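As structure tokens, the structure follows; a few thoughts come after it.
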Amino acid sequence: MYPIKASRDLLIGRITGPYAWSADSDLREHDYCNVREVEWLARVPRVRFSQAALRSFGSFSSVSTADDHLDEVRAVLAEPDADRVADVPPEDDGPLGVTPPLLKIQAKSGTSTIGAPAVKQLRGVLNPGEKGVLIGLGGFSSDAKHTEQNDANLILIDADRCMDLFLSSYDRLSAEMRHRLPLQQVYVVAS
């Protein structure tokens with residue numbers, strides 16, 4: 001699944017090749033060096049999918065898999081009016097790819113304290129050169145923090161740090177994101 005920001009459509013594709021280092025100078029110039037071949041199957045409006053499916057597909061700027069909602073994707077593809085697309089996404093959407101450093105981010109919204117097993121589980125899915133970020137709004141146990149301190153590839157972010165990062169980055173968010181998450185600065189006279 002690939003969201004097209006300008007039109008609020010989704011491109012549905014099938015990966016047809018392994019990761020490869022691109023020799024295309026245009027792709028490399030834009031830092032899209034690691035590529036995979038994709039067969040684009042259809043371009044469909046986001047409204048064709050349930051909210052649960054849309055949440056699982058990810059943000060407006062990333063490629064994601066549809067494993068959890070594969071039946072829903074197949075049903076949309078079977079619709080007679082699904083817009084069939086060419087082999088390449090529209091020109092204005094740009095190429096797809098990733099370059100280092102690669103981050104794997106896991107967020108837990110519960111209020112329970114996260115222990116070392118969850119941190120070690122994230123560490124277990126990291127490949128060489130990748131960093132893992134675990135956001136836990138309920139905080140982290142001392143064992144979890146100790147695990148992070150002993151591994152430079154792990155970053156733990158609790159609710160306070162998450163809010164600090166969000167507020168310090170707010171002015172750099174896109175206009176669309178600031179519209180979706182409006183904040184107003186309020187000044188208070190100190191005594």
Side-chain angles (χ1 to χ4, degrees), residues 1-16 32 36 38-98 102-114 117-119 121-122 125-126 130-140 155-184:
M1 305 301 295
Y2 179 63
I4 304 170
K5 290 184 253 186
S7 68
R8 298 186 53 83
D9 288 348
L10 290 166
L11 279 177
I12 302 173
R14 179 185 301 125
I15 295 174
T16 58
Y32 297 110
R36 291 186 82 171
V38 174
E39 173 191 4
W40 295 107
L41 305 172
R43 178 177 178 152
V44 296
R46 294 171 49 84
V47 296
R48 296 269 180 84
F49 293 98
S50 68
Q51 285 299 314
L54 291 172
R55 279 192 295 276
S56 79
F57 296 159
S59 73
F60 278 94
S61 61
S62 64
V63 177
S64 60
T65 62
D67 295 346
D68 292 338
H69 298 275
L70 193 54
D71 290 338
E72 191 171 342
V73 172
R74 286 182 176 142
V76 168
L77 284 172
E79 294 173 1
D81 59 342
D83 182 19
R84 301 299 172 213
V85 296
D87 291 335
V88 181
E91 189 79 26
D92 58 300
D93 296 321
L96 306 176
V98 292
L102 299 178
L103 299 177
K104 289 188 176 172
I105 301 172
Q106 182 178 14
K108 296 191 178 277
S109 61
T111 56
S112 301
T113 301
I114 297 172
V119 177
Q121 182 181 22
L122 175 60
V125 300
L126 298 180
E130 295 179 338
K131 297 212 178 265
V133 179
L134 182 56
I135 302 169
L137 300 182
F140 298 93
I155 300 167
L156 303 183
I157 299 177
D158 62 14
D160 291 336
R161 186 167 178 211
C162 185
M163 187 56 67
D164 289 343
L165 290 168
F166 176 74
L167 294 174
S168 67
S169 304
Y170 186 77
D171 60 338
R172 295 190 304 268
L173 293 175
S174 68
E176 179 185 347
M177 287 304 294
R178 287 194 311 271
H179 177 73
R180 292 173 73 192
L181 301 165
L183 295 181
Q184 182 176 4

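Any value given below was found using the heavy atoms of this structure, including those in side chains, with hydrogens, waters and symmetry copies removed. If you read the sequence from its start, that first residue is 1, and numbering goes on from there. Fair warning: this is a prediction, and the values are worked out from it, not measured in the lab.
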Practice prompt. State, with a plain yes or no, whether a side-chain heavy atom of T111 is found less than 4.5 Å away from one of L137.
Written response: no
Discussion item. Testing the basics here: between A42 and L77, what is the closest heavy-atom pair and its distance to 0.1 Å?
Written reply: CB-CD2, 3.6 Å
Item to complete: Please round to the nearest 0.5 Å and tell me the distance separating atom CE of M1 and atom CG of L10.
Response: 4.5 Å
Item to complete: For R172, enumerate each residue passing the side chain to side chain contact (heavy atoms under 4.5 Å, CB included) test, keeping only those at least two apart in sequence or located in another chain.
Response: S169
Worksheet item: Distance-only, no hydrogens or angles: does the Y170 side chain make a donor-acceptor pair with backbone N or O of L183 under 3.5 Å?
Response: yes
Worksheet item: How far does OG of S50 sit from NE2 of H69, to the nearest 0.5 angstrom?
Response: 5.5 Å
Item to complete: Tell me, please, which residues at least two apart from F49 pass ring-ring contact (aromatic ring centres under 6.0 Å, His included).
Response: F57
Discussion item. Under the rule for side chain to side chain contact (heavy atoms under 4.5 Å, CB included), what residues qualify as partners of P45, not counting sequence neighbours?
Written reply: D9, V47, R48
Fill in: All side chain to side chain donor-acceptor pair (under 3.5 Å) counterparts of Q121, not counting sequence neighbours
none
Fill in: For S174, all residues meeting side chain to side chain contact (heavy atoms under 4.5 Å, CB included), sequence neighbours excluded
E176, M177
Worksheet item: Can you name the residues that form a side chain to side chain donor-acceptor pair (under 3.5 Å) with T16, not counting sequence neighbours?
Response: none
Worksheet item: Is there a side-chain contact between R14 and L41, using heavy atoms and a 4.5 Å cut-off?
Response: yes
Worksheet entry | Sequence-distant partners of R161, side chain to side chain contact (heavy atoms under 4.5 Å, CB included), two or more places apart | I155, I157, D158, L165
Practice prompt. Kindly write out the residues that satisfy salt bridge (Lys or Arg N to Asp or Glu O under 4.0 Å) with E130, not counting sequence neighbours, or none if the list is empty.
Written response: K104
Worksheet item: What are the two closest non-hydrogen atoms of G136 and I114, and how far apart are they?
Response: CA-CD1, 3.5 Å
Worksheet entry | 4.5 Å side-chain heavy-atom contact, L54 and R46 | yes
Practice prompt. Evaluate the side-chain proximity of L173 to F166: yes if any heavy-atom separation is below 4.5 Å, no if none is.
Written response: yes
Fill in: With K108 via side chain to side chain donor-acceptor pair (under 3.5 Å) - residues at least two apart
none
Fill in: Those residues that, when tested against S112, pass side chain to side chain donor-acceptor pair (under 3.5 Å) (two or more places apart)
none
Item to complete: Show the numbers, then the answer: is there a side chain to side chain contact (heavy atoms under 4.5 Å, CB included) between V133 and I135?
Response: CA-CA 6 Å; V133 179; I135 302 169; 4.2 Å; yes
